[in-house]
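Input: a single structure, listed below in structure tokens.
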Amino acid sequence: MPGFESSAAAEQRFNVNLSILFTELPLLERPAAAAAAGFGAVELWWPWVDSPTPERSELDALKSAIEDAGVRLTGLNFYAGQLPGPDRGALSVPGAESERFRANVEVAAEFAQSLGCTALNALYGNRVDGVDPAEQDALALENLVLAAHAADRIGAVLLIETLNRPESPRYPLVSAEAGVAVVDKVNEATGLGNARFLMDLYHLSMNGEDLPSVIERYTARTGHVQIADNPGRGAPGTGSLPLPELLGLLAKAGYDGWVGLEYKPGDRPSAEAFDWLPHEARAAR
């Protein structure tokens with residue numbers, strides 16, 4: 001893709017989200033496929049959508065697959081329900097779902113620690129009919145405080161993500177401002193300062209936000225960036241987002257963290273969906 005070879009964006013560190021790319025392969029084969037494509041780092045949504053507390057053998061098998069591939073796990077979601085699917089997180093949903101989230105917190109943190117992963121993403125969850133939003137927000141803060149403490153114990157940041165209203169109409173955090181407000185509430189409640197904004201440029205663009213302004217205002221509060229082009233949520237260059245320019249702005253604003261490739265490969269194998277990124281820019285740095 002023109003612009004990535006010479007722009008400041010080429011200085012960013014990229015990882016591959018194995019829950020949206022390489023999904024044509026079984027989970028345990030995806031880390032090696034990412035390595036074969038030249039990447040040194042990967043991230044994951046919680047892989048066991050039906051279980052916040054999978055068997056130790058399942059956790060160990062995934063850990064071994066990541067280690068054997070020689071890649072780093074740099075980001076992991078806490079349990080978030082059926083994702084992809086109808087759910088957008090569990091921590092603000094009263095009853096069984098928030099209980100599953102709480103059961104998952106230490107499991108996810110321990111797994112992340114075992115692989116040196118220092119970023120844990122907590123999806124907020126949808127609004128529920130018949131439940132006062134204020135009640136959900138109170139529950140969310142309670143659970144996010146638990147998650148922040150668990151992340152702190154392993155030297156990790158807790159990420160709070162903004163999604164987009166067209167695709168997630170019941171999700172309450174559909175602006176950068178709303179996401180950062182929750183970050184601030186968690187940090188105020190814990191005093192730990194380890195909650196950070198997850199700046200997903202695709203979701204923010206779907207919400208019609210002024211992306212250069214978001215970058216200028218919130219980079220200092222950002223713990224992770226994810227990208228996909230818009231429209232279509234495809235690879236950079238398949239839509240109209242000026243991603244090289246935006247990543248250049250992030251670099252100039254001082255962002256030196258990971259940029260997660262969280263896009264759909266389209267009607268081609270995932271291994272062919274990285275032609276926009278020079279091979280030398282894929283290795284972990």
Side-chain angles (χ1 to χ4, degrees), residues 1-17 39-43 72-77 112 116-122 144 148 151-152 154-164 173 175-188 190-230 236 241-263 276-278 280-285:
M1 180 184 178
F4 272 93
E5 291 83 354
S6 58
S7 73
E11 299 306 310
Q12 297 286 9
R13 299 184 293 160
F14 297 95
N15 65 26
V16 177
N17 189 303
F39 290 94
V42 299
E43 63 183 35
R72 294 165 59 183
L73 181 68
T74 54
L76 178 68
N77 283 18
C117 172
T118 56
L120 289 162
N121 183 27
L144 286 167
D152 181 67
I154 68 163
V157 298
L158 173 71
L159 299 171
I160 310 294
E161 183 173 7
T162 290
L163 301 183
N164 74 77
L173 307 184
S175 70
E177 184 178 17
V180 170
V182 173
V183 167
D184 289 346
K185 286 179 184 175
V186 175
N187 284 333
E188 182 180 357
T190 65
L192 297 172
N194 69 332
R196 295 280 189 275
F197 180 49
L198 196 167
M199 185 187 293
D200 186 308
L201 297 180
Y202 167 73
H203 288 310
L204 295 171
S205 69
M206 284 284 287
N207 287 325
E209 298 214 38
D210 180 337
L211 297 181
S213 175
V214 168
I215 289 167
E216 180 182 357
R217 283 181 291 152
Y218 297 130
T219 294
R221 320 269 270 287
T222 296
H224 188 45
V225 172
Q226 290 174 332
I227 62 170
D229 215 331
N230 186 23
L241 277 186
L243 287 166
E245 174 188 328
L246 294 169
L247 292 180
L249 290 175
L250 274 161
K252 289 175 184 174
Y255 182 73
D256 61 358
W258 294 97
V259 175
L261 307 183
E262 195 185 53
Y263 59 78
W276 58 276
L277 186 64
E280 62 272 14
R282 303 178 190 180
R285 299 196 295 276

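Note that the structure is predicted; figures quoted are calculated from it, not measured. Residue numbers start at 1 and run along the sequence shown.
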Supply the atom-to-atom distance L243 CG to N230 CG, rounded to the nearest 0.5 angstrom.
9.5 Å

Among F39, W276, W258, exactly one meets ring pair (Phe, Tyr, Trp, His ring centres under 6.0 Å) together with F14. Which residue is that?
W276

For A148 versus V186, what's the shortest heavy-atom pair and its separation?
CB-CG1, 4.0 Å

Working to the nearest 0.5 Å, report the span between CG of L204 and OG of S175.
8.5 Å

Would you check if there is a donor-acceptor pair between the side chains of N121 and N77 at a distance under 3.5 Å?
yes

Verify, without hydrogens or angle tests, whether D200 (side chain) and Y202 (backbone) share a donor-acceptor contact under 3.5 angstrom.
yes

Which atom names give the shortest non-hydrogen contact between D184 and R221, and what distance separates them?
OD2-NH2, 2.6 Å

Separation between CG (N207) and CG (N164), nearest 0.5 Å, reads 5.5 Å

Test D256 against R13 for salt bridge (charged side-chain N to carboxylate O under 4.0 Å, His left out), laying out the working first.
CA-CA 8 Å; D256 61 358; R13 299 184 293 160; 5.3 Å; no

pair Q226-E43: side-chain heavy atoms closer than 4.5 Å
yes

Taking atom types as modelled, find out whether E161 and H224 have a side-chain donor-acceptor pair closer than 3.5 angstrom.
no

Do any N or O atoms from the side chain of D229 and from the backbone of L241 form a donor-acceptor pair under 3.5 angstrom?
yes

Any donor-acceptor pair under 3.5 Å linking the side chain of N17 with the backbone of L261?
no

Nearest 0.5 angstrom please: S205 OG to D210 CG, how far?
12.0 Å

Residue pair T222 / I215, side-chain heavy-atom distance below 4.5 Å:
no

Taking every heavy atom of C117 against every heavy atom of A156, the minimum-distance pair comes out as O-CB, 4.4 Å

Indicate the atoms forming the closest heavy-atom contact of Q12 with A251, along with that distance.
NE2-N, 3.4 Å

R72: side chain to side chain donor-acceptor pair (under 3.5 Å) partners, not counting sequence neighbours
none

In short, A178 meets L173 closest at the heavy-atom pair O-CD2, 3.9 Å

Under 3.5 Å: donor-acceptor pair, side chain of R196, backbone of L158
no

Would you say D152 and L192 make side-chain contact, with heavy atoms under 4.5 Å?
yes

Side chains of M199 and L201: closer than 4.5 Å at any heavy-atom pair?
yes

Closest non-hydrogen atom pair between Y263 and A228, with its separation
CB-CB, 3.5 Å

Taking T219 for the side chain and L250 for the main chain, is one N or O donor matched with an acceptor at less than 3.5 Å?
no

Candidate list L159, T162, I160, test side chain to side chain contact (heavy atoms under 4.5 Å, CB included), partner F197, passing option
T162

Quick check: do V182 and L144 have side-chain heavy atoms less than 4.5 Å from each other?
yes

Determine, step by step, whether L73 and V42 satisfy the side chain to side chain contact (heavy atoms under 4.5 Å, CB included) criterion, reporting the C-alpha distance in whole Å, the side-chain angles of both residues, the deciding distance to 0.1 Å, and the verdict.
CA-CA 5 Å; L73 181 68; V42 299; 4.2 Å; yes

Candidate pair L247 and I227, rule side chain to side chain contact (heavy atoms under 4.5 Å, CB included), full reasoning
CA-CA 9 Å; L247 292 180; I227 62 170; 4.2 Å; yes

